[in-house]
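Structure record follows, encoded as structure tokens.
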Amino acid sequence: MLVAVAALVVASAPRVAWADPVESQASTAELRSTGTVVVAKQNESGMIKTVGTSTITVRNGVTVQQLKAQIVAKDTSRQSHIVVNKDHQEKRSGAIADGDQLQVTAENGEDRFAYRLAIYDPDAKKRDGAYWNEDQYNEIDQTVNANTPTFKDNYCDITDPKYAGLVRRATETFYVGNQADNPANKTSPLVASSQEVWYYTEAIHAAIRDCHESGGGIVVIPAMGSRNANGAYYSGAITLLSNVNLRIETGAVVKFMRNKTNKYYPIVLSSYEGTDFYNFSPLIYALNQTNIAVTGGGTLDGQEDMWNWRPWKKGY
């Protein structure tokens, strides 16, 4: 089933004085991790109750030094960690307070993330009652965090000159209404229109393949650089490969072609409501791939409206 419209946004942490990156012993040619995911070390100290996707819960009285000693990068990379208080001032010692943050700087010195720090409340389960299973939620949250993909700082920008020859002209066909000019009249023929656009699918796929074949990395769709007058990147279905993060930068817009044909959305193995079947490819697709992500502050626009895609669902 085709997704109509999707916008993916990664929230940024508050502006604070981040820790300086750890000096790497590797050569400048060696790729470094962009990962900011931390997990608790395997031990029985019990100081850390949960390391979730956004919150680390610790027992009351755990100090800054103890917290730092009990966490490690999920991908074993050389991260930097600092703890800051609610006023975003660094805490070098003392007990963790509810609302503090663990600021993580990735090995590459650029990517950053902030975990909120919370104090474990042993009475919370009683107050929550039978309608909330805190233990199960924490287990799920911790599992998701521990399996969050991380990527090397190998960037493949789709506007790189080496991909320029893969950007071509294409005709987008779409509908602007029906002859009755009334969507309630479901038997009235649709009125078609078209426009010429610069089409980026082959460039995007080439960048994905390059990142994949070089050990993984980040495919960048930048805010600026499209040849289209509206600044958007027109594309058909995008197929991801292992160890690739497709990042749509803030301000970038990917508009998926409204042509409902195999040329832009090839038939692939998909599923609907638990049933496997062959259908038009989803807007973003992957099969038997691992360690993949779609991130960034940009927009994925399926261009669904009253006359495009919706008629399939509504039966007109």
Side-chain angles (χ1 to χ4, degrees), residues 1-10 31 33-37 53 74-75 106 108 111 144-160 162-163 166-168 170 199-223 225-226 232-250 252-257 259 261-272 276-304 309:
M1 179 176 240
L2 289 166
V3 177
V5 178
L8 299 173
V9 178
V10 174
L31 296 176
S33 174
T34 64
T36 55
V37 180
T53 52
K74 174 248 182 181
D75 60 1
N108 69 344
D111 288 76
V144 172
N145 178 72
N147 288 277
T148 299
T150 58
F151 304 91
K152 298 294 184 182
D153 59 350
N154 176 29
Y155 298 95
C156 298
D157 188 322
I158 69 165
T159 62
D160 189 293
K162 67 181 178 181
Y163 303 125
L166 299 174
V167 181
R168 59 180 174 83
Y199 181 68
Y200 280 83
T201 302
E202 283 84 1
I204 295 171
H205 280 161
I208 289 172
R209 186 173 59 252
D210 285 350
C211 261
H212 169 73
E213 292 179 351
S214 60
I218 300 170
V219 171
V220 179
I221 299 181
S226 171
Y233 301 88
Y234 285 81
S235 179
I238 298 172
T239 300
L240 293 178
L241 298 175
S242 292
N243 301 313
V244 171
N245 174 6
L246 179 65
R247 188 159 78 190
I248 301 93
E249 298 283 12
T250 299
V253 177
V254 177
K255 287 184 177 290
F256 289 92
M257 301 286 279
N259 307 54
T261 69
N262 295 353
K263 180 178 180 181
Y264 297 102
Y265 303 98
I267 300 300
V268 298
L269 179 62
S270 186
S271 66
Y272 179 67
D276 290 344
F277 70 116
Y278 285 89
N279 193 10
F280 283 116
S281 173
L283 306 185
I284 296 181
Y285 180 74
L287 180 64
N288 299 325
Q289 306 300 308
T290 59
N291 202 55
I292 58 177
V294 180
T295 64
T299 300
L300 299 174
D301 184 359
Q303 300 200 86
E304 181 268 352
W309 301 120

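Judged as a side chain to side chain donor-acceptor pair (under 3.5 Å), and not counting sequence neighbours, Arg209 has no contacts. In this view, Asp210 and Lys162 satisfy the salt bridge (Lys or Arg N to Asp or Glu O under 4.0 Å) rule, not counting sequence neighbours. The ring pair (Phe, Tyr, Trp, His ring centres under 6.0 Å) test applied to Tyr200 returns Tyr233, not counting sequence neighbours. Partners of Tyr264 according to the ring pair (Phe, Tyr, Trp, His ring centres under 6.0 Å) rule, which considers only residues two or more places apart in sequence or in another chain, are Tyr199. Remark: Ser214 engages Asn154 in a side chain to side chain donor-acceptor pair (under 3.5 Å) (not counting sequence neighbours). Residues passing the side chain to side chain donor-acceptor pair (under 3.5 Å) test with Thr261: none are found, sequence neighbours excluded.
Of all heavy-atom pairs spanning Ala237 and Pro266, the tightest one is CB-CD, 4.3 Å. Residues Val167 and Ala203 share a closest heavy-atom pair of CG2-CB, 4.0 Å. Residues Val37 and Asn145 share a closest heavy-atom pair of CG1-O, 3.2 Å. Summarising the geometry of Ser271 relative to Asp276, their closest heavy-atom pair is CB-OD1, 3.5 Å, with the distance given to 0.1 Å. Between Ala170 and Met257, the shortest heavy-atom distance links the atoms CB-CE, 4.1 Å. Pairing each heavy atom of Leu240 with each of Ala286, the nearest pair is O-CB, 3.9 Å.
Checked by atom type and distance alone, the side chain of Thr290 never pairs as donor or acceptor with a backbone atom of Ser242 at under 3.5 Å. One N or O on the side chain of Gln289 and one on the backbone of Leu287 form a donor-acceptor pair closer than 3.5 Å. Side-chain N or O atoms of Thr201 include one that pairs as donor or acceptor with a backbone N or O of Gly236 at under 3.5 Å. Lys74 contributes a side-chain N or O that, together with a main-chain N or O of Thr148, makes up a donor-acceptor pair within less than 3.5 Å.
Looking at heavy atoms from C-beta onward, Val254 lies in side-chain contact with Phe256 at the 4.5 angstrom threshold. Contact of the Thr299 side chain with the Ile248 side chain is not registered, since no non-hydrogen atoms from C-beta on lie closer than 4.5 Å. With contacts defined as side-chain heavy-atom distances shorter than 4.5 Å, the pair Ile238/Leu283 does not qualify. A heavy-atom distance below 4.5 Å is found between the side chains of Gln303 and Tyr234. Counting only heavy atoms from C-beta outward, the side chains of Ile284 and Val294 approach each other to under 4.5 Å. In this structure, Phe280 and Ile267 have side chains that are in contact, with non-hydrogen atoms separated by less than 4.5 Å. Inter-residue side-chain proximity for Val253 and Ser226 is flagged as unmet; no heavy-atom pair is nearer than 4.5 Å.
Interatomic distance, Cys156 SG to Glu213 CD, rounded to the nearest 0.5 Å: 10.5 Å. To the nearest 0.5 Å, atoms CD (Glu202) and CD1 (Ile158) are separated by 11.5 Å. Here the straight-line distance linking atom OG of Ser270 with atom CZ of Phe277 works out to 5.0 Å at 0.5 Å rounding.
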- [ ] For Thr34 and Tyr155, run side-chain contact (heavy atoms from CB on, under 4.5 Å): C-alpha distance rounded to whole Å, both residues' side-chain angles, the deciding distance at 0.1 Å, then the answer.
- [x] CA-CA 11 Å; Thr34 64; Tyr155 298 95; 3.8 Å; yes
- [ ] Verify side chain to side chain donor-acceptor pair (under 3.5 Å) between Asn245 and Thr295, making sure each step is shown before the conclusion.
- [x] CA-CA 7 Å; Asn245 174 6; Thr295 64; 3.0 Å; yes
Open item on the list: What verdict does the side-chain contact (heavy atoms from CB on, under 4.5 Å) test give for Ile208 and Thr239, after you've listed the backbone C-alpha separation in whole Å, the side-chain angles of each residue and the deciding distance to 0.1 Å?
Closed with: CA-CA 8 Å; Ile208 289 172; Thr239 300; over 6 Å; no
Task: Working for side-chain contact (heavy atoms from CB on, under 4.5 Å), residues Asn243 and Ile292 - done: CA-CA 5 Å; Asn243 301 313; Ile292 58 177; over 6 Å; no
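With Leu246 as reference, Ile221 is the one residue of Ile218, Val220, Ile221 to meet the side chain to side chain contact (heavy atoms under 4.5 Å, CB included) rule.
For Thr150 and Ser33, the side-chain atoms include no donor-acceptor pair closer than 3.5 Å.
When ring centroids are compared, Trp309 and Tyr265 come within the 6.0 Å threshold.
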